[in-house]
> 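Take this structure, written in structure tokens, and hold onto it; I'll ask about it next.
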Amino acid sequence: MKYISTRGRAPALSFEEAMLTGLARDGGLYVPAEVPVMSASEIAALAGLPYEEAALRVMRPFVEESFGEEELRAIIARAYAGFAHPSRAPLRELEPGHFLLELFHGPTLAFKDFAMQLIGQLFQAALARRGERVTIVGATSGDTGSAAIEAFRGLSNVDVFILYPHGRVSDVQRRQMTTPAEANVHALALDGDFDDCQARLKDMFNDHAFRDEVHLAGVNSINWARVLAQVVYYFTAAASLGAPHRPVRFTVPTGNFGDIYAGSIARRMGLPIERLVIATNQNDILHRALETGIYETRGVTPSISPSMDIQVSSNFERALFDALGGEGEAVAQLMEELRARGRFAIPQGALEHLRALYATGRASEAETSAAIARTWRESGEIICPHSAVGVKVAREHLGESAAPMITLATAHPAKFPDAVEAATGIRPPLPAHMSDLLERKERITRVPNDLAALEALVRERRAG
Ligand SMILES: *Cc1c(COP(=O)(O)O)cnc(C)c1O
């Protein structure tokens, strides 16, 4: 299977090349040239399988030119061995017809572990085979960086550097990044905010001499391999509720659109998903875009669901590409307009296509807190603020159809204890396997908001 760029001007690549490349050279995102379809009986057969076996069956056709079946099976086994729940992504009924898909049983307590743990093992296998070593640099507002460090720690063909804004991530998030002792992982506390971290990251990638010298690679949410890993739990959840014979709906707390886009791939593969509901917090560019047809950036307002605080939703470009019938040139023009003017109008046909697939809703700060409190009161479940945004929006759509609604619970409540305590009066404890996190020894490296200093540090610290 070949992967093509959403902007139509970069070479088609194999799965392995697209994974190692990340962003296409024309600025676009890689998507599969065609999406394989699973038959009704293949989907039905997923019910009751171990998560790892279901993952193998769903992902195999996307990667088969790069990874053989036995190799992929071993990679998947290693990726999910560190999850604390035997079913990896358990489903719980929250209220009649409304289910929570718990995606927070991975080592850093957020759904990003599903993709990052897999991509760590895929990188290691591909690089070992090629006899190559890469330097991964990422910027994080919290969850992505901790998931990346946890996934790549101790792997022999990779050095990982994560830039996080000094003083602006939660204690749990910081400690997840600063306590791993392996020599190949480096958490860097940058003097600045998240936008500064992202800007310096971009600068490093744009410094081509440096980029080639250290073999820079990226694992941010536009990496196709991350999207692919997330397709799996749409299948396992739906099959456990009776798909393909019974259609389902999903509500997804959304920021960069990677998670919900994976749902649209599952649907194209034949999973009967009636509707994908985009749930945003007060940073609601996606909600506004689908309501008004105008995609327009505004400044970011910090919220109690910080992993969804975005200005531009990078993976939305993939949905746009699909809605425009795969016209890369049209996508490239809209993205150029966004860069130049901060907005673009979604062409009418594409807007209708998007509205047929996606519904949207938003939750204010007060509504998010109220959803945490109500869920605790009515069902005894403590949910994180991101999941609460989803639950609030899902409830608004419940009555539209009889198909079960599955809301993705994207993080463990203990990762955001302040917001949860403010809403419920209860401070959620860390799960037993990481209850000593607050006592582990930290390694903190402060770095200035300065490209030359950062590049010098990467050169000095990386092993290869
Ligand atoms: C990253 C993240 C999201 C948003 O996911 P996207 O794929 O960026 O849309 C939602 N909730 C949590 C807890 C996250 O870490």
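Heads up: numbering here begins at 1 and tracks the sequence.
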> A side-chain contact here means heavy atoms from C-beta on lying under 4.5 Å apart; do Tyr164 and Ser146 qualify?
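A side-chain contact under 4.5 Å is absent here.
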> Can any side-chain N or O of Asn184 pair as donor or acceptor with the backbone N or O of Phe152 at less than 3.5 Å?
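Yes, Asn184 side chain to Phe152 backbone: donor-acceptor pair under 3.5 Å.
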> Given the rule in the side chain to side chain donor-acceptor pair (under 3.5 Å) test, do Asn283 and Ser303 qualify, once you have shown the distances and angles that lead to the verdict?
CA-CA 8 Å; Asn283 297 293; Ser303 78; 4.7 Å; no
> For Phe316, run the ring-ring contact (aromatic ring centres under 6.0 Å, His included) check against Tyr295, Tyr358, Tyr261 and tell me which one passes.
Tyr295
> Determine the minimum heavy-atom distance between Phe257 and Ala319, stating which atoms define it.
CE2-CB, 3.6 Å
> Are Ile310 and Ile285 side-chain neighbours, meaning at least one heavy-atom pair lies under 4.5 Å?
yes
> Are any non-hydrogen side-chain atoms of Tyr234 and Ile265 less than 4.5 angstrom apart?
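The answer is no; the side chains never approach within 4.5 Å.
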> Could you go through the side-chain contact (heavy atoms from CB on, under 4.5 Å) check for Glu53 and Arg73 one step at a time?
CA-CA 8 Å; Glu53 178 62 28; Arg73 188 188 299 280; 3.0 Å; yes
> Heavy atoms, side chains only, cut-off 4.5 Å: are Ile278 and His287 in contact?
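In short, these two side chains do not touch, never coming nearer than 4.5 Å.
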> Looking at every heavy atom in both Leu101 and Ala89, which two are closest together, and how far apart are they?
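Residues Leu101 and Ala89, closest heavy atoms: CD1-O, 3.4 Å.
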> Give me the atom names and distance for the closest heavy-atom approach of Thr140 to Gly145.
OG1-N, 2.9 Å
> Salt bridge (Lys or Arg N to Asp or Glu O under 4.0 Å) with Asp159: which of Arg461, Arg462, Arg133?
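Only match with Asp159 under salt bridge (Lys or Arg N to Asp or Glu O under 4.0 Å): Arg133.
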> Parallel, tilted or perpendicular: which fits the ring planes of Phe161 and His186, with parallel below 30° and perpendicular above 60°?
parallel
> Assess the residue pair His412 and Met434 against the criterion (side-chain contact (heavy atoms from CB on, under 4.5 Å)); give the C-alpha distance rounded to whole Å, side-chain angles, the decisive distance to 0.1 Å, and a yes or no.
CA-CA 12 Å; His412 192 285; Met434 56 175 62; over 6 Å; no
> Heavy-atom distance under 4.5 Å between the side chains of Phe321 and Glu317, does that happen here?
no
> Are the side chain of Lys392 and the backbone N or O of Ile372 linked by a donor-acceptor pair below 3.5 Å?
no
> If every non-hydrogen atom of Asp171 is compared with every non-hydrogen atom of Arg174, which pair is closest and at what distance?
OD1-NH1, 3.2 Å
> Closest heavy-atom contact between Met19 and Ala126?
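In this case the closest contact between Met19 and Ala126 is CE-CB, 4.2 Å.
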> As an exercise, state the distance from OG1 of Thr251 to CG of Leu408, rounded to the nearest 0.5 Å.
8.5 Å
> Given side chains that start at C-beta, do those of Met335 and Thr6 come closer than 4.5 Å, heavy atoms only?
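No. Closest side-chain heavy atoms not under 4.5 Å.
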> For Glu132, does its backbone N or O pair with a side-chain atom of Asn157 as donor and acceptor, under 3.5 Å?
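It does hold such a pair.
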> Find out whether the Lys NZ or Arg CZ of Arg267 is both under 6.0 angstrom from the six-membered ring centre of Phe250 and within 45° of the ring's axis.
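Relative to the ring axis of Phe250, which defines the angle, Arg267 lies outside at least one limit.
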> For the residue pair Glu150 and Met116, establish whether any side-chain heavy-atom pair is separated by less than 4.5 Å.
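Answer no - side chains too far apart.
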> Could you walk me through whether Leu155 and Phe123 pass side-chain contact (heavy atoms from CB on, under 4.5 Å), step by step?
CA-CA 9 Å; Leu155 297 184; Phe123 259 70; over 6 Å; no
> Is a donor on one side and an acceptor on the other found under 3.5 Å between the side chain of Glu65 and the backbone of Met1?
yes
> Under a 4.0 Å threshold between the charged nitrogen and the carboxylate oxygen, would Asp26 count as salt-bridged to Arg7?
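Asp26 and Arg7: not salt-bridged.
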> In Å and rounded to the nearest 0.5 Å, what is the OH to CD1 distance from Tyr30 to Ile222?
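One finds 10.0 Å between OH of Tyr30 and CD1 of Ile222.
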> Are the side chains of Glu336 and Phe344 in contact, using a 4.5 Å heavy-atom criterion?
no
> What's the spacing between Arg78 CZ and Gln124 CD if we round to 0.5 Å?
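These two atoms lie 8.0 Å from each other.
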> Do the charged groups of Asp436 and Arg440 touch, with an N to O distance under 4.0 Å?
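Result for this pair is yes, salt bridge flagged.
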> Please check if the side chain of Arg288 supplies one atom and the backbone of Thr297 the other of a donor-acceptor pair under 3.5 Å.
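Looks like no, no N/O pair under 3.5 Å.
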> Roughly how far apart are Leu188 CG and Ile444 CD1, rounded to 0.5 Å?
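The distance works out to 11.5 Å.
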> What closest approach, in Å, do Val214 and Thr135 show between heavy atoms, and which atom pair accounts for it?
O-OG1, 2.8 Å
> In terms of side-chain geometry, is the basic nitrogen of Lys112 or Asp259 positioned less than 4.0 Å from the acidic oxygen of its partner?
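Salt bridge: no.
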> So, do Phe114 and Tyr51 have ring centers that fall under 6.0 Å from each other?
yes
> Return yes if some donor-acceptor pair links the side-chain N/O of Ser313 with the main-chain N/O of Gly255 below 3.5 Å, else return no.
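It does hold such a pair.
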> Indicate the ring-plane relationship of Tyr80 and Phe83, choosing parallel, tilted or perpendicular according to the 30° and 60° boundaries.
perpendicular
> For Thr301 and Gln282, run side chain to side chain donor-acceptor pair (under 3.5 Å): C-alpha distance rounded to whole Å, both residues' side-chain angles, the deciding distance at 0.1 Å, then the answer.
CA-CA 7 Å; Thr301 312; Gln282 60 194 0; 5.0 Å; no
> Would you say Arg25 has more than 12 foreign heavy atoms packed within less than 6.0 Å of its CZ?
no
> Would you compute the distance between atom OG1 of Thr236 and atom CD of Glu52 and round it to the nearest 0.5 angstrom?
10.5 Å
> Enter the distance from Thr407:OG1 to Leu100:CG here, rounded to the nearest 0.5 Å.
6.0 Å
> Can you list the steps and then say if Asn315 with Arg318 is a side chain to side chain donor-acceptor pair (under 3.5 Å)?
CA-CA 6 Å; Asn315 277 291; Arg318 288 188 162 115; 2.5 Å; yes
> Under 3.5 Å, side chain of His386 to main-chain N/O of Ser307, donor-acceptor pair present?
yes
> Are Met308 and Thr254 close enough, and set up right, to give a side-chain contact (heavy atoms from CB on, under 4.5 Å), and what steps lead you there?
CA-CA 6 Å; Met308 293 155 65; Thr254 295; 5.6 Å; no
> Has Asp309 got a side-chain atom pairing as donor or acceptor with Val300's backbone, closer than 3.5 angstrom?
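Not confirmed, Asp309 side chain does not pair with Val300 backbone.
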> Spell out, as yes or no, whether a donor-acceptor pair under 3.5 Å connects the side chain of Ser387 to the backbone of Thr410.
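At least one qualifying donor-acceptor pair exists.
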> What I want to find out is whether Glu34 reaches Lys2 closely enough, with some N-O distance under 4.0 Å, to be called a salt bridge.
no
> Are the side chain of Ser369 and the backbone of Ala366 linked by a donor-acceptor contact shorter than 3.5 Å?
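It does not hold such a pair.
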> Please determine whether the number of non-hydrogen atoms from other residues, nucleotides or ligands lying under 6.0 Å from atom CZ of Arg92 exceeds 12.
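No, not enclosed.
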